[in-house]
Amino acid sequence: MSDLMLTWINKDAHRVKPSQNPEHGQTLVEFALVVLIFLVVLFGILEFSRALWTYNTIVQATRAGARFAVVELPSLTNTTVKNFVVYHNSAGTGNPVLPGLSPSNVTVTYTRIDPNTGNPVAATTLQDKYNSAYVQVGITGYTFNFIVPIVGSSITLPAFTTTLQLEGLGSF
């Protein structure tokens, strides 16, 4: 073999071969983008699920409070009904059904029908509450806090109310 041929062979023998896959960095970039989208969707689903659970808990708490108000004798302050909505007991002990829910978020309204006009009127005295036709229990101003602040750190939920007919409070 000639010297020229040996020189050419030796150059090729010592040359560093390029990578078999020149796009191996692209996989890492694609993975990062896909994982980012996946995590945003996953945490969005988790936060939506928590918000739905909170909504359901508030609705059930107002229903339970309205049922409690229907069977219990009314008081001037409605404290026992408010405690029942928040703590599921009239004494107001234990943990609230939702973090951040307090009796100040609960409204209790007894409504009587005015015999002269036939219009509903909010009961203001204890005797008016005994003569009431309806009780309305509501939760207003509850703030839902996100764990992962994708769209913000918190939102104030709309008012929730449950109205039930009173059937026998005036007979006591």
Side-chain angles (χ1 to χ4, degrees), residues 33-172:
L33 291 174
V34 169
V35 164
L36 180 66
I37 293 170
F38 174 74
L39 290 177
V40 167
V41 169
L42 177 69
F43 286 120
I45 290 170
L46 290 173
E47 289 293 357
F48 179 76
S49 300
R50 284 186 57 246
L52 191 61
W53 177 82
T54 301
Y55 172 86
N56 187 45
T57 303
I58 288 176
V59 168
Q60 293 302 325
T62 59
R63 287 179 182 169
R67 285 191 302 268
F68 180 79
V70 165
V71 298
E72 292 296 316
L73 294 175
S75 67
L76 281 175
T77 61
N78 301 321
T79 305
T80 55
V81 177
K82 290 180 179 184
N83 285 340
F84 192 84
V85 170
V86 175
Y87 301 103
H88 281 309
N89 65 58
S90 58
T93 58
N95 295 325
V97 294
L98 288 170
L101 183 63
S102 68
S104 64
N105 295 108
V106 180
T107 58
V108 180
T109 306
Y110 288 86
T111 305
R112 64 180 180 83
I113 304 300
D114 187 355
N116 298 326
T117 63
N119 295 329
V121 177
T124 55
T125 66
L126 193 56
Q127 186 59 41
D128 284 347
K129 287 183 180 181
Y130 279 115
N131 295 326
S132 294
Y134 300 96
V135 63
Q136 185 176 52
V137 177
I139 294 178
T140 58
Y142 180 76
T143 302
F144 176 77
N145 296 313
F146 293 104
I147 292 175
V148 180
I150 295 173
V151 293
S153 60
S154 64
I155 57 171
T156 301
L157 297 179
F160 297 87
T161 58
T162 298
T163 304
L164 288 179
Q165 183 176 2
L166 296 170
E167 296 180 6
L169 290 178
S171 63
F172 290 103

From [atom1] ([X]) to [atom2] ([Y]), nearest 0.5 Å:
X: Y134; Y: I113; atom1: OH; atom2: CD1; result: 5.5 Å
X: N78; Y: T107; atom1: CG; atom2: OG1; result: 9.5 Å
X: L157; Y: T143; atom1: CG; atom2: OG1; result: 7.5 Å
X: F146; Y: S153; atom1: CZ; atom2: OG; result: 8.5 Å

Closest heavy-atom pair and its distance - [X], [Y]:
X: S154; Y: N145; result: CB-OD1, 3.1 Å
X: A123; Y: K129; result: CB-N, 3.7 Å
X: Y110; Y: S132; result: CB-OG, 3.4 Å
X: A69; Y: V81; result: CB-CG2, 3.9 Å
X: T109; Y: A122; result: CG2-CB, 4.3 Å

Donor-acceptor pairs under 3.5 angstrom involving side-chain atoms of residues 39-47: please list them, not counting sequence neighbours.
residue : atom : partner : partner atom : Å
E47     : OE1  : R50     : NH1          : 2.8
E47     : OE2  : I147    : N            : 2.8
E47     : OE2  : V148    : N            : 2.6

- L76, L73, N131 screened by side chain to side chain contact (heavy atoms under 4.5 Å, CB included) with L126, the one that passes: L76

Donor-acceptor contacts, no H, no angles, side chain residues 95-103, under 3.5 Å, sequence neighbours left out:
residue : atom : partner : partner atom : Å
S102    : OG   : S104    : OG           : 2.7
S102    : OG   : N105    : OD1          : 3.2

- Would a distance-only check, ignoring hydrogens and angles, find a side-chain to backbone donor-acceptor pair under 3.5 Å from K82 to V108? no

- Item | Pairs touching residues 102-119 that satisfy salt bridge (Lys or Arg N to Asp or Glu O under 4.0 Å), sequence neighbours left out | R112-D128

- Query: Among all residues two or more places apart in sequence or in another chain, which pass the side-chain contact (heavy atoms from CB on, under 4.5 Å) test with T79?
  - Reply: T77, N83

- Task: State, yes or no, whether a side-chain contact exists between F160 and Y55 at a heavy-atom distance under 4.5 Å.
- Result: yes

- Who are the ring-ring contact (aromatic ring centres under 6.0 Å, His included) partners of F68, not counting sequence neighbours? F84

Give the table of side-chain donor-acceptor pairs shorter than 3.5 Å for residues 57-64, with sequence neighbours excluded, one pair per line with atom names and distance.
residue : atom : partner : partner atom : Å
T57     : OG1  : W53     : O            : 2.8
T62     : OG1  : I58     : O            : 3.4
T62     : OG1  : V59     : O            : 2.8
T62     : OG1  : T162    : OG1          : 2.9

